[in-house]
Structures are given as C-alpha cells and as structure tokens.
Student: 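First the structure, then my questions, so here it is.
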Amino acid sequence: MRSCWTASFLLLVAGAASAQFEAGRTCFCKYDEAVESCPCSGNSIDKFNNEKVFPVLQRLLQKDFFKFYKVNMESPCPFWQDNRACASRHCGIEHCDDEVPAALRRPAAILSSESTSTNADGSKKKCVSSSNQFDPLDRSLTEGDRAQLQHMEFFEDNEDKFCDMGDEDSADMHYVNLLKNPERYTGYKGNSALKVWQAIYQENCFKPDMKFDKNFLLHPTTVGLCLEKRVFYRLISGLHTAITISIASYNYRPAPGGFGEGTWFRNIEMFEGRFGTKWTWEGPQRLKNLYFAYLLELRALVKAAPYLQKELFYTGNDEEDSETRAIIDNLMEIAKSFRDQFDETEMFTGIESHARSLREEFRQHFFNVSRIMDCVECDKCRLWGKVQTHGMGTALKILFSDLPHSHYHSADGTVQIPFQLTRNEVVSLFQSFGRYASSIWEVNEFRQVMAPTSTAFSSSSTATSRSEF
C-alpha cells in the first residue's frame, strides 16, 4: 500500500492538463459527506460564495479589529534544525505594534483564585482567609497529588486545543498587519518547502484501526478509512490547495535581466499543472477539498453566530466598531442561509470510549500540523501558515467542544460552560475563512480563462487589482 502521504503529496507535481472542470459541471456542490462537480446554478458553493459571502467578507477583513494578528514569529522548529532566510524581498514581514489601536493592546482580564480588595491608597491587597486553630485548613499536597492535578489540568487545558499558537500575553508575541502582508508568491520553494509538506502529510498520518476502519481491508486507501479520518485528509488537502491557489493567483515574474521591477501575474500554467490530471487523478479532487474546508469553517461561523453577534468588536473607534458589528450581523445571516451545511454531528459517534479516543487522535494530529508551521523558513509563508491553521483549529474547537463526551458536559448531558474564544482566535477564524473564500473566487477567475463557455460569475465589483500590492 502506498504511504498515506504519497497520494496527497503529489500535489507538488506539476502537469499540463486542464481537466479541472467537467463540461457542463464546472462548479462545485455538497453531496452527502463530500463535494462534487455540479452546474453553476443557484445551489453551487461558487455562486453562494462569489455573489454573497466574498464581497461582504472582504469589507469585514479591512476593519482594524480583523487586520491585526498577534503572533510569535521566532518560535523554533520543534522537529528539525531550520535555517530561516528569505529567498526574496517579498517574503519578509515587519511588526506593527505601534499601529494597533490601544483598545486592542490591552491585556485580557485573568481570573485568579486569590481574591483582592482595595487599600485606602487605591492599591490592591490579597484577601487570605484565616483558619481556626483547633482544626486548621490543610493546604499540603503530596507529590502524587501534584502530578495527578498537573495531568488533569493539562487534559482540560488541551482537550479542545487544536493549535499550538503560544501564550498571547508573552513578550515574544507581536502584532502584524495582515493587509500589508498579503498571501502570495514569495520565492519560497525547494527542499525546505518540500520537507514541510512531507512532514504534514507523512508524519501526521492516521494509521488504520479496525475499531474504526472496517472497510479498510476492502479499500486499502483513504476511501476505506472512517469518516473522521477522511475529513482530516480533506482539510489538510484543502489548506494546501488554498495556499497553492493564492500563489498561482499572485505569481511574480522578475524583470528581464534582473533590472527594474518585476510584474505580478495570474499563473494559468501553474493552476493547470497542480489541479489537472496529467500526472495524477487527484488534481480535480484537490479543488473539491478546498470547497470542503470552506464548508467546515462556514459551519463553525454559523454555530458561533450567537456568540459573535453579541461581541462588541471594540477598537475604541465607535464609528468603525458599529460598522464592524453591522457587517458581522449581515455575514452571519448570509452564512445561515446556505442550506447544505457541514454536519459535525455525524462525527465521533458510536461507543463513547472509541469516540473519545478517535477525537483525541484527530486533535493531536492537527495540533502537530500547527507546530510544523514553525518550521517554514519564509516569514510571510510562516505567518499565513500560522493564521490558517489557527483559524481551522478554532473552527474545529467550535464544532467539537460540545460533543457528548466533552468535559464541558455534566452527567445529565447539559452544557456546563460554552466554548470561549480569544480575540486572536476570532481574527484567525475569519482570516482563514477569508482565504478559502478568496480561493474560490480565484477559481472562478481561472475558470473564465480556461473554460470560457461555462457559466461564470461577474467579479468586477469585488476584483482586487494586482497593482494594489
């Protein structure tokens, strides 16, 4: 059997065929658990995204609340010795802590187990309750107690942690203006990029387990794996596809002889090679996985809508904050209107012990993917890799934090506490969804060139000029 990364990793192989779009079925729709080709009708994901979601989402991501992302760009690669150096001037980024509105730079309130009160001079003092003398409070803990508590705290802190993004209050975290650092071609390629994707596909493979993968003997490929593992593959492939489309859409051609400024252009040949069928049948499937990832994050936004629609999105600019809330309300209503939503309730079902084990394996694999992003040597590529895995991890947290076997449920099945999101999680979720939405819009741009007789969508009102970058 081929290793589980080989089939997906062939995405790096270029070809020349243009079989991405079936005649008469050049768009994509959700069918059961997957995405398939369909006519460009009112039910297609393309029409929904390009005419309804993308224009509104683009306006939202211009707002101050969403354009500043806090990130540690200096975390070392945990898997191998890396050599960070930009291959071109297009891959570097700069911090922008001074540009961030003061309201966004305030540290988050932290609840402490120690209560405080105010002295006469306004300073804080700890309130420590005294214990009686005949039956004093025993605060001692054995080493065994401490080890068990540490294990319990680690489990509760990490059960719904799908990403390793560091402590947001760390001094190593700095703000980056994402609008000034668009995802596009940087010149990053070769063995370093190859090694990163190989690690993602190879070192984070699920191993067949007959408790879950009963069809694997009949279909010894990803098709024979259980739903949850198929979902994981589609998400990783969808992430890879979105990144590839961004690079193909905003590719760079150096000036002749290296003198003067080069030009940004749409690389049709690259798109044809990566998503065609000349070298592998999987090319068109990679496009479908892009749409699958889009649907999963769309569902996470819908599920979080009650939370998001109560947020203030406060930056200190009353007029902009009001506009941001209005756009959020509009976008959430649009998201809810899509009828073919991803159904997370079909995942992690069955015997509770099996479901818990499979969910934890799923979480650990994606957690490892987020850690691999620290091994990307190009700054701008590492930045967007972190943003997009953080956003996807936030979506998974939203979708799977209230499962019956989650620690958020009490014995009677009622939810004890809802999921909580930091500002950085909200920003990463919308920015990640923005990358998938943008990629689907870009697919339409390629479609108009490669399949001009198909039904395409007018994009003049939302097009982003290459000259703006």
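Everything numeric here is computed off the predicted structure, so don't read it as measured data.
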Student: Is there a donor-acceptor pair closer than 3.5 Å between any side-chain N or O of Asn49 and the backbone N or O of Ile45?
Tutor: no
Student: Is the closest side-chain heavy-atom distance between Asp374 and Asn72 below 4.5 Å?
Tutor: no
Student: List in chain and number order the residues that pass side chain to side chain donor-acceptor pair (under 3.5 Å) with Asp343, two or more places apart in sequence or in another chain; answer none if no residue qualifies.
Tutor: Thr345
Student: Compute the ring centroids of Tyr294 and Phe433, then answer whether they are less than 6.0 Å apart.
Tutor: yes
Student: Could you note down all residue pairs passing salt bridge (charged side-chain N to carboxylate O under 4.0 Å, His left out) where residues 36-45 supplies at least one of them, sequence neighbours left out?
Tutor: Glu36-Lys288
Student: Tell me which one of Val376, Val71, Val196 satisfies side chain to side chain contact (heavy atoms under 4.5 Å, CB included) with Arg382.
Tutor: Val376
Student: Within the structure provided, determine whether Thr389 and Met392 are in side-chain contact (heavy-atom separation under 4.5 Å).
Tutor: no
Student: Using the salt bridge (charged side-chain N to carboxylate O under 4.0 Å, His left out) rule, collect all pairs that involve residues 421-434, keeping only residues at least two apart or in two chains.
Tutor: Lys397-Glu425
Student: Could you go through His240 and Ile200, starting from their C-alpha distance and side-chain angles, then the distance that decides it, and tell me whether this counts as side chain to side chain contact (heavy atoms under 4.5 Å, CB included)?
Tutor: CA-CA 10 Å; His240 200 165; Ile200 290 174; over 6 Å; no
Student: Please identify each residue that fulfils salt bridge (charged side-chain N to carboxylate O under 4.0 Å, His left out) with Arg253, with sequence neighbours left out.
Tutor: none
Student: With under 30° as parallel and over 60° as perpendicular, where do the rings of Tyr291 and Phe28 fit, or are they tilted in between?
Tutor: tilted
Student: Can you name the salt bridge (charged side-chain N to carboxylate O under 4.0 Å, His left out) partners of Glu323, sequence neighbours left out?
Tutor: Lys63
Student: State which residues pass side chain to side chain donor-acceptor pair (under 3.5 Å) with Arg234; sequence neighbours excluded, sorted by chain then number.
Tutor: Glu33
Student: Could you walk me through whether Gln62 and Gln58 satisfy the side-chain hydrogen bond (donor to acceptor under 3.5 Å, both in side chains) test, starting with their C-alpha distance in whole Å, then the side-chain angles of each, then the deciding distance to 0.1 Å, before giving a yes or no?
Tutor: CA-CA 7 Å; Gln62 304 287 319; Gln58 286 298 97; 5.9 Å; no
Student: Quick one: salt bridge (charged side-chain N to carboxylate O under 4.0 Å, His left out) partners of Arg325, sequence neighbours excluded?
Tutor: none
Student: Is any side-chain heavy atom of Val53 closer than 4.5 Å to a side-chain heavy atom of Ile440?
Tutor: no
Student: Hey, are the side chains of Pro284 and Thr277 touching, using non-hydrogen atoms and a 4.5 Å cut-off?
Tutor: yes
Student: What pairs of residues pass the ring pair (Phe, Tyr, Trp, His ring centres under 6.0 Å) test when at least one of them lies in residues 30-49, not counting sequence neighbours?
Tutor: Phe48-Phe338
Student: Could you give me the CA-CA distance, side-chain angles and deciding distance for Asp321 and Thr315, then say whether side-chain hydrogen bond (donor to acceptor under 3.5 Å, both in side chains) is met?
Tutor: CA-CA 7 Å; Asp321 294 349; Thr315 66; 2.6 Å; yes
Student: A side-chain contact here means heavy atoms from C-beta on lying under 4.5 Å apart; do Val302 and Gln341 qualify?
Tutor: yes
Student: Which label fits Phe400 and Phe162: parallel for a plane angle under 30°, tilted from 30 to 60°, or perpendicular past 60°?
Tutor: tilted
Student: So among Gln431, His390, His174, Lys386, which one has a side-chain hydrogen bond (donor to acceptor under 3.5 Å, both in side chains) with Tyr69?
Tutor: His390
Student: Is there a side-chain contact between Ile245 and Arg274, using heavy atoms and a 4.5 Å cut-off?
Tutor: no
Student: Over 60° means perpendicular and under 30° means parallel, so classify the ring planes of Tyr185 and Tyr252, tilted if in between.
Tutor: parallel
Student: Does anything in residues 289-301 form a salt bridge (charged side-chain N to carboxylate O under 4.0 Å, His left out)? List the pairs, not counting sequence neighbours.
Tutor: Arg299-Glu344
Student: What residues, two or more places apart in sequence or in another chain, satisfy side chain to side chain donor-acceptor pair (under 3.5 Å) together with Glu183?
Tutor: Ser246, Arg435
Student: Got a sec, which residues hit side chain to side chain donor-acceptor pair (under 3.5 Å) with Asp329, two or more places apart in sequence or on another chain?
Tutor: Gln309
Student: Taking Arg363 for the side chain and Lys161 for the main chain, is one N or O donor matched with an acceptor at less than 3.5 Å?
Tutor: yes
Student: Go through the structure and list residues passing salt bridge (charged side-chain N to carboxylate O under 4.0 Å, His left out) with Lys67, not counting sequence neighbours.
Tutor: Asp64
Student: If the test is ring-ring contact (aromatic ring centres under 6.0 Å, His included), which one of Trp441, Phe271, Phe275 qualifies with Phe446?
Tutor: Phe271
Student: Do the side chains of Phe430 and Leu301 get nearer than 4.5 Å, heavy atoms only?
Tutor: yes
Student: Report yes or no: is the SG-SG distance between Cys375 and Cys77 under 2.5 Å?
Tutor: yes
Student: Just wondering, are more than 12 heavy atoms of other shown residues or ligands nearer than 6.0 Å to NZ in Lys189?
Tutor: no
